[in-house]
Structure formats: structure tokens, C-alpha cells
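What follows is a set of notes on a single structure, which appears directly below.
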Amino acid sequence: MKYTAAILTVSDRCSRGVREDMTGPALAAMLESEGWEVVSRKIVPDEFEIIKGELVHCSYDLDVCLVLTAGGTGFSRRDVTPEATEAVINRVAPGLPEAMRAAAREVSTGGMLSRGIAGLRGGTLIINLPGSERPAVASLGAILPALKPGVDRLRREG
């Protein structure tokens, strides 16, 4: 099976070019080192409809196995990534965020403040990661071994 992924960085500042996205490239490098093909990397502002539209595009038009979002999972009023994700998924995958928060907490006290969720939309697994590089990398590292077997089950016919 070909393991394809898209990475969506959600950040007002990065989308305006005020800050460089360090998290998206770090996540892409991690996935690629494990044999994933990152077919799309995009930066969008913290806007519910834009995030939702990109998640649908990645799962429907690009038909990727995995979408990772980075950012928009905190307590700010503009942090709406979990809500946009919830609006497009059909089923939740609660074990992944549980493991991610535990791992992120080891590198940053803010890790336990992440409201990120994970879920399934058709044949695509969508996972919300923190926007900061260290907690995002720790979060992905905690679940990376489970992603290919999970996608295999998700995409299996019958």
C-alpha cells in the first residue's frame, strides 16, 4: 500500500508570513523517514470554514490516507481546528489524542492544554497536533508506529 499524507498548518501568523512554519516541515520529515509520501503541505489561517474545506479537499479530492493538522488546538478564541475537524469526521479515534497529550506533556506543560482530536472521514485518518514544534513532534512520535497498521485497517475492503 502507498501511504500518502497531507499536512495542514493552521496559523494566522504563518499564513500572513509574519512567522515561519517550523512545525509542518518537521512533521513532513518524520513521516517521510517512515516511508510516507507527503503529497500536500499547506498553511491556512485560523478560520473554521477554510480549515474544514481543506480537510474535505485532502480526504476527498486528494484521497490521502492521513491528514495531520498543526495548530489551532489551544485555548485561544481563534483556535478552532478541533471544531472544524469534528464537523467533517464520521467517527472519532480517541486513543490517538490520549497518547499524544501524554507524550506532549513530557516536553511542554502546554501539551496538556491541547484540545486536538482524531477521527476518520471515509478512508482518511485526520489528526490534530499542537502548533509548536516540540510538542507536535513528540505527539507524532508517540503515535507514529500505530498509523500504518491503522490506515491498513481503515482502507481494507470488506
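Quick note: numbers below take in every heavy atom, side chains included, and nothing from hydrogens, waters or symmetry partners. These figures come from a predicted structure and were not determined experimentally. Position 1 is the first residue of the sequence, and the numbers go up from there.
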Return yes if some donor-acceptor pair links the side-chain N/O of [X] with the main-chain N/O of [Y] below 3.5 Å, else return no.
X: R155; Y: G123; result: yes
X: S59; Y: V56; result: yes
X: T9; Y: A70; result: no

Using 0.5 Å steps for rounding, measure from the CG atom of D61 to the OG atom of S40. 11.0 Å
Taking atom CG of L68 and atom CG of L129, what is their separation to the nearest 0.5 Å? 5.0 Å
Quick one: do [X] and [Y] end up in the same hydrophobic cluster if we chain Ile, Leu, Val, Met, Phe, Trp and Tyr together by side-chain heavy atoms under 4.5 Å apart?
X: L154; Y: M1; value: yes
X: L120; Y: L147; value: yes
X: L62; Y: I126; value: yes
X: V10; Y: L55; value: yes
X: M100; Y: I117; value: no

Not counting sequence neighbours, list each pair that qualifies as a ring-ring contact (aromatic ring centres under 6.0 Å, His included) and has a residue in residues 34-85. Y3-W36
How would you list all residue pairs meeting salt bridge (Lys or Arg N to Asp or Glu O under 4.0 Å) that involve residues 12-34, not counting sequence neighbours?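 As it turns out, the salt bridge (Lys or Arg N to Asp or Glu O under 4.0 Å) pairs with a partner in residues 12-34, which skip direct neighbours, are D12-R78.
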Can you pull out every salt bridge (Lys or Arg N to Asp or Glu O under 4.0 Å) where at least one residue sits in residues 121-141? Sequence neighbours excluded, please.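 Listed once each, the pairs would be none.
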Set of residues satisfying side-chain hydrogen bond (donor to acceptor under 3.5 Å, both in side chains) with respect to T69, sequence neighbours excluded: N128
Atom of I127, atom of A118 and distance for their closest heavy-atom approach: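 Looking at all heavy atoms of both residues, the closest pair is CG1-CB, 4.0 Å.
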Which residues satisfy the salt bridge (charged side-chain N to carboxylate O under 4.0 Å, His left out) test with K42, sequence neighbours excluded?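 With neighbours one apart ignored, the set is E54.
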Decide yes or no for I50 and P45: does some side-chain heavy atom of the first lie under 4.5 Å from some side-chain heavy atom of the second? yes
Would you list the pairs meeting side chain to side chain donor-acceptor pair (under 3.5 Å) in which at least one residue belongs to residues 110-120, sequence neighbours left out?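 For residues 110-120, and leaving out neighbouring residues, the side chain to side chain donor-acceptor pair (under 3.5 Å) pairs sorted by first residue read T73-S114, E83-R115.
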